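Right, I'll just put the structure down here and ask away after.
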Amino acid sequence: MAVLEKVRDRETVAQTAEAAGDSIAFAIVGSGGAGALTAGAILLEAAGKAGWYGLMTRSVGPQIRGGEAAALISLANRPVDCPAEEYDFLVAIDWRNVDRFAKEMPLAENALAIGDPAAGEVPAIIVNTGATLAQTELKELAGAIPGGRENMIAAGIAAGLAGLPIEIVMAVIASKLESKGQGAIDASRRCLEVGMQQARAYGKSYQLRAPSTNGNGRWLITGNEAVGLGAVRGGVRFAAAYPITPATEVLEWLSPSLRKIGGALLQAEDELASINMAIGASFGGRASITATSGPGLSLMVEALGLAIASEVPIVVVDVMRGGPSTGIPTKSEQSDLNIAVYGCHGDAPHIVVAPLSVRDCLFSAQWAVYLAEAMQTAAIILSDQSIGQARALIDSPIDNGFIAERKTVKSVSEEGYNRYAFTDDNISPMAVPGLPGGQYTADGLTHSIRGLPSTKGEDHQKQLDKRRDKVEKFDYGEHWAAIEHNVRDKSPPEFNLLTWGSLAGPAREAMRLLSNEGISVKLIAMRLIAPLRKQELLTELGETARTLIVEQTHSGQFHQYLRAKCDLPGEIRHFHRPGPQPIGPKEICDQIRDWKSS
Amino acid sequence: MNVQQQPAFKAGDYKSDITPIWCPGCGDFHVLLSATKALAELGTPPEKIAVISGIGCSSRIPAYTNCYGFHGVHGRSLALGAGLKVARPDLTVMVMSGDGDGFSIGGNHFLHACRRNIDMTYIVMDNRVYGMTKGQPSPTTEPDWDSALSPGGTGLSPFHPLVIALASGANFVARSFSGNIKATTQTIVEAVRHPGFSFVEILSPCVTFRPDESSWKTQTHSASVEATDDPARAARRIMTDDGFNVGILYRGKRKPYDIHVEDTFKDPAILGEEFAV
């Protein structure tokens, strides 16, 4: 029996038409191992089957079991690019560690918080939000069902409140529990039914408007998986791996997947080894990748310089987390920009690509492989925890057609072979081991065109010039940034919103919210961080613009990078702060509104 | 009728025209000679061989061969070689470096390369000194060897490469002396032929910073017994090793690492299917 209790009187806030049914957000929380994440994943998949879009982020502590685990889910009738800033309801399997993550799921004005009285009193941090509290005996209800589990009761409650049809949720559960037999499936159904019944008793509903599509062609994928798939689509056939949070899933996806198509993943003893393994494999002619996070990237930097100097292409994925040092492994930040761009000693031009969303992880990774191979250099993919470990319902991504194509020599004449020869496009054709007469020694020492170590100024200058020019003069097309407007006409916008990587999602959402207020905004979300497309950027910014730069770093690394490279036109404001709290659309809107009214 | 087949390659076919930077009398000249002789005997075409190294005097060796080479960063030659061999199992991969590169900065990779047992050969030219940086003690240097960096000696027990290799799971463990070209050549031939990870320590004197190592010519002596495939027996023999026994200590039977990249690939389009809702 659910007990409804209004803790505090509140004025009912008039909802905009936008919020009524076009999107909802909810959270399922519990101790690690209680099954909150499983329940969330089932509901997200069911929402996809029903035709909605959605995003699930997770908040987990460092503990393997017993820490906090929260599934934060947003569902909508359009693609969801960033976590919600307000949650409509919360189902708590228990309240342990809730203090640690309650800030990540602020409850909306008319929110509902459901907890089990057996799990103790509702914590003050929840009570103080003013949410309507509902007590439901999850444990007792689950106990009454043979094989019943609290997380499935919680799933039933959430499904009921969100309006997810039971048959669709059951279809997902049935496919997951196939191996466990009909008994387990029946128990889950009973739990769902009981949960949904409870949901009705709360007298509240957050039902989504019926989906505008039938869900055909919808994909459910994490950013980390999408990076892996994009890389393989781009031509990667070898990966080297050393586990690190939050990048491990890239490697765990690649291992069996590469095997399926004839590639291989090699587990390394450390990141010093993994990047060098990737370089060795690439020297052998195979497009290669490794994935890591900040601490691992720090260890890889010397070898990045080797790949750049010896012109052996590799791709390094950095799924950023809070830094410096061990930082906050499970939370997102954009603070590896500096090391990605400037980390190498010497002058070492290379590629830095930042995916703009979960879906864009696929595009960006595939493109990065193509760029690295085409230019025979290192490409760093700067993803982050917020998109890497987020699971999203997206439209199935078409293959963008970027396939690794390395400029190689097919045969060698009597005159011999110069590995580092100068060419019109500054890319020296590479001999792949096995080619008779193509033998050369790849070298991180400054070298002559033949590849022999050299201390001559001329060799140094010319090879540096070549490696700069091949990267600077390459045709990156329109992919350097995603550019969007919230008005149809082409007149200059009131504001430019300039950001990069995963902040594209919240920035896009902010732009959409501002259009409701009649504020014209142009979003410039940079995908290609290095080399900076300076001219293209300046053209997009326009002459007299007001530009808000948004990034998730403590020191403002992106802003400094842009300032160092070009004279930004017009008025510039800068909004930046570190993790772990994600930067949300409303915060960005507030910045623009403040500016407009000042 | 027994017809003597002409060898397809000579040692010279594996040597480049580059003059080594090594000091006159350096043991590494002999290692280069032995390696090229061994490759000629093995008969693998030079373009099917990759010689991988790190940083240091001995690590200059790839460019002195006529094989594909990679002169990488300090200490990571085994990782380069492992990645290459897994990606290109058709190639013969020889990793060649020195005691500083291999046992100090690259020490961890040595342990794991032995464990991993990828089919490749690791040759360490051990001169018990950092030569390229002008004479500092390495992990194999005697504890009382005096130097500017460690006056009076490091006082540290020297690293015992053969013990480490055996304990870590190398499938072939041998020691040779660079001055004995015939024996070194044969040891390298056997190391390359033996499946899995083969480790050869070659005592290779540094005439400039360790002139005392000229005595190695008389100090080294053939091991009194044949190689064994029993790790326990090999371990017992190492206990009585004076560091100058040369020969093959151990030929293991462990199955080499067998995950590798194939020659042909399936269409990766099949990999997207798992994400469809």
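Letters go in sequence order (proteins before strands), and every chain restarts at 1. From a predicted model like this one, the values you see are computed outputs, not experimental measurements. What you see below is based on every heavy atom in this structure, not just the backbone, and it leaves out hydrogens, waters and symmetry mates.
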Among the listed options B:N66, B:T264, B:L91, the residue most often paired with chain A at heavy-atom distances under 4.5 Å: B:N66
B:S77 portion near chain A, given a 4.5 angstrom heavy-atom threshold: neither
Engaged part of A:R237 at the chain B interface, taking heavy atoms whose separation is under 4.5 Å: both
Chain B contact via A:I394 - which portion, at a heavy-atom distance below 4.5 Å: neither
Per-residue contact mode, B:I49 against chain A (heavy atom under 4.5 angstrom): neither
Whether B:F110 and B:F197 hold their rings parallel, tilted or perpendicular, with breakpoints at 30° and 60°: tilted
Residue B:K15 excluded, over 12 heavy atoms near NZ under 6.0 Å: yes
Chain B contact via A:P453 - which portion, at a heavy-atom distance below 4.5 Å: side chain
Exam field: side chain B:N117 to backbone B:G196, donor-acceptor pair closer than 3.5 Å: no
Toward chain A, the part of B:H260 with a non-hydrogen atom under 4.5 Å: backbone
Over 12 non-hydrogen atoms of neighbours within 6.0 angstrom of OH in A:Y417: yes
Interface residue of largest heavy-atom contact number with chain B, from A:A442, A:G305, A:G235, A:G228, under 4.5 Å: A:A442
Interface moiety of B:I55 toward chain A, non-hydrogen atoms closer than 4.5 Å: neither
Per-residue contact mode, A:S257 against chain B (heavy atom under 4.5 angstrom): both
Interface moiety of B:R116 toward chain A, non-hydrogen atoms closer than 4.5 Å: side chain
Top contributor to chain A interface from B:G69, B:P268, B:S16, B:G106 [non-hydrogen pairs under 4.5 Å]: B:G69
Trace of the side-chain contact (heavy atoms from CB on, under 4.5 Å) decision for B:I188 with B:I202: CA-CA 10 Å; B:I188 295 174; B:I202 302 181; 4.3 Å; yes
Closest-packed option against chain A by number of heavy-atom pairs under 4.5 Å, given B:L84, B:I18, B:I259: B:L84
Proximity breakdown for B:P46 and chain A, heavy-atom pairs closer than 4.5 Å: both
Proximal component of A:A431, with respect to chain B [non-hydrogen, under 4.5 Å]: both
Heavy-atom pairs under 4.5 Å with chain B, option from A:R233, A:E269, A:R286 with the top count: A:E269
Option passing side-chain contact (heavy atoms from CB on, under 4.5 Å) with A:S282 (candidates A:V312, A:V315, A:I289): A:V312
Contacting moiety of A:L362, where chain B heavy atoms sit under 4.5 Å: neither
Engaged part of A:L445 at the chain B interface, taking heavy atoms whose separation is under 4.5 Å: side chain
Ring geometry between A:W219 and B:F275 (parallel below 30°, tilted from 30 to 60°, perpendicular above 60°): tilted
Parallel, tilted or perpendicular, as decided by the 30° and 60° cut-offs, for the rings of B:F172 and B:H194: tilted
Parallel, tilted or perpendicular: ring planes of B:F103 versus B:F159, cut at 30 and 60 degrees: parallel
Region of A:L229 that comes under 4.5 Å of a non-hydrogen atom in chain B: side chain
Trace of the side-chain contact (heavy atoms from CB on, under 4.5 Å) decision for B:T121 with B:V93: CA-CA 7 Å; B:T121 303; B:V93 175; over 6 Å; no
Crowding at CZ, B:R115 (>12 non-hydrogen neighbours, <6.0 Å): no
Parallel, tilted or perpendicular, as decided by the 30° and 60° cut-offs, for the rings of B:Y122 and B:F199: tilted
Interface moiety of B:D90 toward chain A, non-hydrogen atoms closer than 4.5 Å: neither
Under 4.5 Å from a heavy atom of chain B, the part of A:D270 involved: side chain
Region of A:A278 in contact with chain B, defined by heavy-atom distances below 4.5 Å: neither
Pair B:D28-B:S204, side-chain contact (heavy atoms from CB on, under 4.5 Å): steps then yes or no: CA-CA 6 Å; B:D28 295 351; B:S204 180; 2.6 Å; yes
Greatest number of heavy atom pairs closer than 4.5 Å to chain A - which of B:E262, B:H109, B:H112: B:H109
Chain A contact via B:L271 - which portion, at a heavy-atom distance below 4.5 Å: both
Per-residue contact mode, A:V432 against chain B (heavy atom under 4.5 angstrom): both
A:S454 backbone acceptor or donor facing A:D459 side chain under 3.5 Å: no
Between A:D399, A:I275, A:I279, A:L272, the one whose heavy-atom pairs under 4.5 Å with chain B are most numerous: A:L272
Salt bridge present between A:E45 and A:R391 (N-O < 4.0 angstrom): no
Top of B:A276, B:A113, B:G75, B:A82 for chain A proximity - count of heavy-atom pairs under 4.5 angstrom: B:A276
Leading residue by heavy atom contact count with chain A [cutoff under 4.5 Å; candidates B:K48, B:K85, B:R60]: B:R60
Atom CD of A:E405: over 12 foreign heavy atoms under 6.0 Å: no
